[in-house]
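As structure tokens, the structure follows; a few thoughts come after it.
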2 protein chains.
Amino acid sequence: MRADARRNRDLIVETAREVFREHGYNASLDLVAKRAGVGAGTLYRHFPSREDLVNAVMQGWVDRVEEATEKVLAFEGPPRELLERWLVTYAELISLHKGGPAKITAAMVQPDSPIAPKCRVLLEATERVCERLHAEGVLREGITAADVNRLVGGVATVADGADQPISEVEPLLLVLADGLVAAPA
Amino acid sequence: MRADARRNRDLIVETAREVFREHGYNASLDLVAKRAGVGAGTLYRHFPSREDLVNAVMQGWVDRVEEATEKVLAFEGPPRELLERWLVTYAELISLHKGGPAKITAAMVQPDSPIAPKCRVLLEATERVCERLHAEGVLREGITAADVNRLVGGVATVADGADQPISEVEPLLLVLADGLVAAPA
DNA sequence: TGCTAAACGGAGACACTCTCCGTATTGTTC
DNA sequence: GAACAATACGGAGAGTGTCTCCGTTTAGCA
């Protein structure tokens, strides 16, 4: 890749991160290009679709996910608390940006989405948590990591749509935890 | 209202119902106008915003909600089953159209949305169910109808985004039921 | 029948996405 | 350091959607 191309690419990603933070993931891409001082063509050559750009912007987020996962998995206390911590962590991670919960939760079940690979790290993290909970017999049988993600994703999506911080819907996450732990009727 | 205006209004609503069913609630409104054989101006005069049109289209849905509510509330069996029935009914009602779950769940917490009044009937229905469950001591303390709606709305939103029918996420609704019923840890 | 308020409709302004292609820059080769 | 591909740039513009404005038409009353 030529040096100027590299420079522009980085500039676009940086600008997009800023614009997305301001206007959400549906912000105008022309605005991104304009603010970055490049032509629309340049933006679209580097990132043929909006998702590709989102994907690039997310790279830092992936690192953050990995870090948060390690932290939660390092927790030594009672498994029930581990679950609660993970639910809150998960919700926070996907809610870092406006529109994030819906986008990420949807991508989780659409393997062809360009951001799917990034979301996989989250799914894998949940899998690790679930494994540990299953091993300790705490998690209800038949519950998969995908189920957990869907449930938390749903709550986070709604909170996001209502412009509520995750802290305000934490009680709902505890309800989920109860449901995930309880034995089938 | 003049007779021709009335006629056009009804025609637009009918056409919109059809188009929304085909393409979801984000379908092009110009397409609605074109298919109804009226000018864009006519459509926008009757329905200044997309939400106004959605609102009009929803009138039949409101009737359906009321009917379903009566049916669930007439159920005489164990309260836990009442809850389960309501969760499934609720999810189905908001999932009748693609994009419905997100739209309705969001409107539920945005009182200024034009479709909010319509969504209120759903909230009130959930309130009636919750009241009965609380009276029987089945529902966990502190849980409000709004909480229940958020939880089910979240699950339904995700299912909708993944093009899954509600029947496929029913197990998740049972998880919710468990969480809503269980005593706090 | 004539008149006026009400309603119509579609051209077009504006916004956004995405492509095409003439122009400019890079970096390699001699 | 000059020449020359190969690579990248950028912005005009096509395509699509939203929504408004205003000249034209129509309903319904007197």
Side-chain angles (χ1 to χ4, degrees), chain A residues 1-58 97-99 102-103 106-107 110 112-115, chain B residues 1-58 97-99 102-103 106-107 110 112-115:
Chain A
M1 180 178 250
R2 246 166 60 173
D4 55 343
R6 172 93 254 157
R7 214 167 33 239
N8 270 329
R9 192 185 184 284
D10 292 348
L11 178 59
I12 290 169
V13 170
E14 201 45 57
T15 308
R17 198 193 312 283
E18 190 182 302
V19 170
F20 286 163
R21 209 186 306 276
E22 276 174 37
H23 299 101
Y25 279 127
N26 289 320
S28 158
L29 295 190
D30 266 23
L31 172 62
V32 173
K34 185 161 291 182
R35 201 185 283 186
V38 304
T42 300
L43 187 151
Y44 283 97
R45 195 170 343 93
H46 283 296
F47 308 101
S49 79
R50 171 183 299 273
E51 301 280 290
D52 291 321
L53 180 52
V54 170
N55 191 28
V57 167
M58 275 182 132
H97 300 293
K98 178 84 181 150
K103 201 127 209 156
Q110 291 168 343
D112 52 327
S113 158
I115 69 170
Chain B
M1 182 180 254
R2 247 167 58 173
D4 55 343
R6 170 94 256 156
R7 213 166 35 238
N8 269 329
R9 192 184 185 284
D10 293 347
L11 178 60
I12 290 169
V13 170
E14 201 44 57
T15 308
R17 198 192 313 281
E18 191 182 303
V19 171
F20 286 163
R21 209 187 306 275
E22 275 174 39
H23 301 100
Y25 278 127
N26 290 319
S28 157
L29 296 190
D30 268 24
L31 171 63
V32 173
K34 184 161 293 183
R35 200 185 285 186
V38 305
T42 301
L43 188 151
Y44 284 98
R45 195 169 342 94
H46 283 297
F47 308 101
S49 78
R50 172 184 298 274
E51 299 279 291
D52 291 321
L53 180 52
V54 170
N55 189 29
V57 167
M58 275 181 131
H97 299 294
K98 177 85 183 148
K103 201 127 208 157
Q110 292 168 343
D112 52 327
S113 159
I115 70 169

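Every chain is numbered from 1 and lettered A, B, ... according to where its sequence line falls, protein lines coming before strand lines.
Below the 3.5 angstrom threshold, one finds a donor paired with an acceptor across the side chain of B:Arg2 and the base of C:dA6.
Along DNA chain C, the nucleotide nearest B:Met1 and the nucleotide nearest B:Gly41 are compared for position; the residue whose nucleotide lies closer to the 5' end is B:Met1. For the pair A:Arg45 and B:Arg9, nearest-nucleotide mapping onto DNA chain C gives the more 5' position to B:Arg9. Nearer to the 5' terminus of DNA chain D, by closest-nucleotide assignment, is the contact made by B:Ala40 (compared with the other of B:Asp4 and B:Ala40).
The separation between A:Leu53 atom CG and C:dC16 atom P is 16 Å, rounded to whole Å. Rounded to whole Å, the distance from CZ on B:Arg6 to P on C:dC8 is 12 Å. Here the P atom of nucleotide C:dC8 and the NZ atom of B:Lys34 are 18 Å apart, to the nearest Å. A straight line from OH of A:Tyr44 to P of C:dC21 spans 19 Å, rounded to a whole angstrom. Rounded to whole Å, the distance from CG on A:Leu43 to C1' on C:dT19 is 13 Å. We find that CG of A:Asn26 is positioned 13 Å from C1' of C:dT17, with the value rounded to whole Å. One interatomic measurement links the two molecules: CG of B:Leu29 to C1' of C:dC14, which rounds to 16 Å at whole-angstrom precision.
Taking side-chain N and O atoms only, B:Thr42 has a distance below 4.0 Å to OP1 or OP2 of C:dG9. For C:dC8, the OP1/OP2 oxygens have a side-chain nitrogen or oxygen of B:Asn8 closer than 4.0 Å. The phosphate of C:dC8 (OP1 or OP2) has a side-chain N or O of B:His46 nearer than 4.0 angstrom.
Within 4.0 Å of A:Ser28, counting heavy atoms only, lie sugar-phosphate atoms of the nucleic acid but no base atom. Across all strands shown, A:Arg50 has heavy atoms under 4.0 Å from sugar-phosphate atoms exclusively, and none from any base. Looking at heavy-atom distances under 4.0 Å, A:Ala3 makes contact with sugar-phosphate atoms alone, never a base. Nucleic acid contact for B:Ala36: none, since no nucleic acid atom lies under 4.0 Å from a heavy atom of the residue.
Here the side chains of A:Thr42 and A:Arg45 are in contact, with some heavy-atom distance below 4.5 Å. Annotation: side chain of B:Phe47 is not in contact with side chain of B:Val54 (no heavy-atom distance under 4.5 Å).
Remark: B:Asp4 engages B:Arg2 in a side-chain hydrogen bond (donor to acceptor under 3.5 Å, both in side chains) (not counting sequence neighbours).
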Report the C-alpha distance between A:Arg6 and A:Asp10 in whole Å, list the side-chain angles of each, state the deciding distance to 0.1 Å, and finish with yes or no for salt bridge (Lys or Arg N to Asp or Glu O under 4.0 Å).
CA-CA 6 Å; A:Arg6 172 93 254 157; A:Asp10 292 348; 3.3 Å; yes

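Here the closest non-hydrogen pair linking B:Tyr25 and B:Arg50 is O-NH1, 2.8 Å.
For DNA chain D, the outermost nucleotides in 5' to 3' order that have an atom under 4.0 Å from a heavy atom of chain A are D:dA6 to D:dG11.
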